[in-house]
A.B. asks: 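I'd like to ask you about the structure that follows.
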Protein chains: 2
Amino acid sequence: MPQIQPIHLDEQLCFQVYSANKKFNHFYQQALKPFDLTYPQYIAMLTLWQYAPLSVKQLGEYLHLDSGTLTPLLKRLESHGWISRSRSRSDERTVVIQLTDKAKEQQNVVYGHINSCFDILGLTPDEKETCMQAMTTLEQKLDLYNDPQV
Amino acid sequence: MPQIQPIHLDEQLCFQVYSANKKFNHFYQQALKPFDLTYPQYIAMLTLWQYAPLSVKQLGEYLHLDSGTLTPLLKRLESHGWISRSRSRSDERTVVIQLTDKAKEQQNVVYGHINSCFDILGLTPDEKETCMQAMTTLEQKLDLYNDPQV
DNA sequence: GTCAATTTAATTGCAGACAATTATTTTGAC
DNA sequence: GTCAAAATAATTGTCTGCAATTAAATTGAC
């Protein structure tokens with residue numbers, strides 16, 4: 001009879017990542033309150049500030065999200081005046097997402113506020129780099145397993 | 001006029017953690033398919049295998065989840081025959097969660113299967129430890145900010 | 001002993017996340 | 001040019017996750 005290794009919650013890497021993600025979420029939710037943005041909406045805006053205009057598909061590739069998640073999220077961003085959505089003239093299948101004037105005006109205000117919130121966290125550049133590296137290593141292994149053909 | 005630091009998605013620690021968490025989720029979702037458990041259900045079962053019987057509140061403290069999340073999740077675990085839920089005789093407010101015979105029988109099967117899946121990931125003990133440490137450091141900072149009174 | 005305050009789950013409502021399906025448009029082999 | 005295949009969003013359904021509220025039981029100050 002083989003020896004079975006018990007699985008203890010607090011020794012599980014998956015649970016640490018799961019917890020850290022929830023805490024990060026809460027942190028950003030607080031930081032983003034002045035702008036009435038949720039965390040997923042914020043990372044969508046980050047992508048758009050960097051690359052807009054984008055199609056739903058292109059945005060989804062940056063964020064690893066599909067239209068089932070993005071369509072309602074983008075409708076909410078649109079209703080709050082951050083973006084516009086319109087079918088492309090050249091390809092009626094694709095929806096082009098563009099920044100509104102409000103979004104362009106607020107970009108640096110959001111950047112400034114979020115950067116200062118992140119600074120308050122007090123992560124040293126070294127600690128941040130170590131965390132980034134650890135996540136990169138982990139994601140590489142997970143990508144290999146989740147998506148063997150890559 | 002102050003210099004505003006641009007925020008690039010791929011340099012954001014929050015986004016790395018968010019992505020890693022989603023990939024981990026997908027990884028476990030696959031690994032757990034034979035048992036018809038979702039990842040959140042699995043971490044609930046892990047906790048129960050370790051500490052059952054538990055009240056909803058106690059389980060929530062281990063997992064950092066409230067009854068709004070746990071009540072429906074536990075009802076699903078109950079309907080799939082993993083647990084039982086019953087009001088405590090001594091305190092009618094609390095609901096006691098207990099393992100079923102099926103859960104006790106399957107414990108080592110699940111442990112064995114998940115451990116072998118995790119091994120396939122190919123994380124070295126060093127890499128895992130580095131990741132764990134990184135998450136712990138990060139969570140400590142986030143706890144400080146999210147919950148200043150602690 | 002009484003009753004306000006506290007504790008515990010459940011409920012409600014909203015926002016993701018994702019799998020599976022559907023509708024529409026475009027492409028490309030022929 | 002036609003039509004099957006592919007591509008793109010949207011939709012549907014299920015399962016979290018969390019804030020806020022509700023319902024019921026318990027506790028404790030008096």
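These numbers were taken from a predicted model, which means no experiment stands behind them. When reading the values below, keep in mind they use all heavy atoms of this one structure, side chains included, and skip hydrogens, waters and symmetry mates. All chains are named by letter (A, B, ...) in the order of the sequence lines, taking the proteins before the strands, and each is independently numbered beginning at 1.
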A.B. asks: Could one point to a donor on the side chain of A:Arg93 or the base of C:dT24 with an acceptor on the other under 3.5 Å away?
C.D. replies: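 Side chain to base: no pair present.
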
A.B. asks: Looking only at N and O atoms, is any donor in the side chain of A:Ser67 or the base of D:dA10 less than 3.5 Å from an acceptor on the other one?
C.D. replies: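 Result: at least one qualifying N/O pair found.
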
A.B. asks: Choosing from D:dT16, C:dG16, D:dA19, which nucleotide comes nearest the side chain of A:His26?
C.D. replies: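 Nearest nucleotide to the side chain: D:dA19.
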
A.B. asks: Which nucleotide, C:dT11, D:dA10, C:dA9, lies nearest any side-chain atom of B:Val56?
C.D. replies: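 Selected nucleotide: C:dA9.
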
A.B. asks: For C:dT11, does OP1 or OP2 lie under 4.0 Å from any side-chain N or O of B:Lys75?
C.D. replies: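 So the side chain of B:Lys75 is within the cut-off, an N or O lying under 4.0 Å from OP1 or OP2 of C:dT11.
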
A.B. asks: What about A:Thr38: does its side chain form a donor-acceptor pair under 3.5 Å with the base of C:dA15?
C.D. replies: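 By the distance-only test, no, there is no pair.
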
A.B. asks: Quick check for you: among D:dT26, C:dA19, D:dA10, whose closest atom lies nearest to any side-chain atom of B:Glu92?
C.D. replies: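 Nucleotide nearest to B:Glu92's side chain: D:dT26.
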
A.B. asks: Taking the side chain of B:Thr71 as heavy atoms from C-beta outward, which of C:dT11, D:dC15, D:dA9 is closest to it?
C.D. replies: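 Nearest to the side chain of B:Thr71 among the choices is C:dT11.
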
A.B. asks: Check whether any side-chain N or O of A:Ser55 sits under 4.0 Å from OP1 or OP2 of D:dA9, and answer yes or no.
C.D. replies: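 Yes.
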
A.B. asks: Mapping A:Pro72 and A:Lys22 onto DNA chain D by nearest heavy atom, which one lands closer to the 5' end?
C.D. replies: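 The residue whose closest nucleotide sits nearer the 5' end is A:Pro72.
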
A.B. asks: Students often get this wrong, so: under 4.0 angstrom with heavy atoms, is B:Ser90 touching a base, only sugar-phosphate, or nothing?
C.D. replies: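 Sugar-phosphate: the residue B:Ser90, judged by heavy atoms under 4.0 Å, touches backbone atoms but no base.
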
A.B. asks: Of all the nucleotides listed (C:dA10, C:dT8, C:dC18), which has the minimum atom distance to the side chain of B:Val95?
C.D. replies: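 The answer is C:dA10.
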
A.B. asks: When all nucleic acid strands are considered with a 4.0 Å heavy-atom cut-off, which category describes B:Gln29: base, sugar-phosphate, or nothing?
C.D. replies: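 Counting heavy atoms under 4.0 Å across all strands, no contact is made by B:Gln29.
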
A.B. asks: In whole angstrom, give the distance that lies between atom NZ of B:Lys33 and atom C1' of D:dC15.
C.D. replies: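 After rounding, the reported distance stands at 15 Å.
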
A.B. asks: Please give, in whole Å, the distance from C:dA9 P to B:Ile83 CD1?
C.D. replies: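 Rounded to whole Å, this separation is 13 Å.
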
A.B. asks: Phosphate oxygens OP1/OP2 of C:dT8: is one of them under 4.0 Å from a side-chain N or O of B:Gln58?
C.D. replies: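 Looking at the OP1 and OP2 atoms of C:dT8, neither is under 4.0 Å from any side-chain N or O of B:Gln58.
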
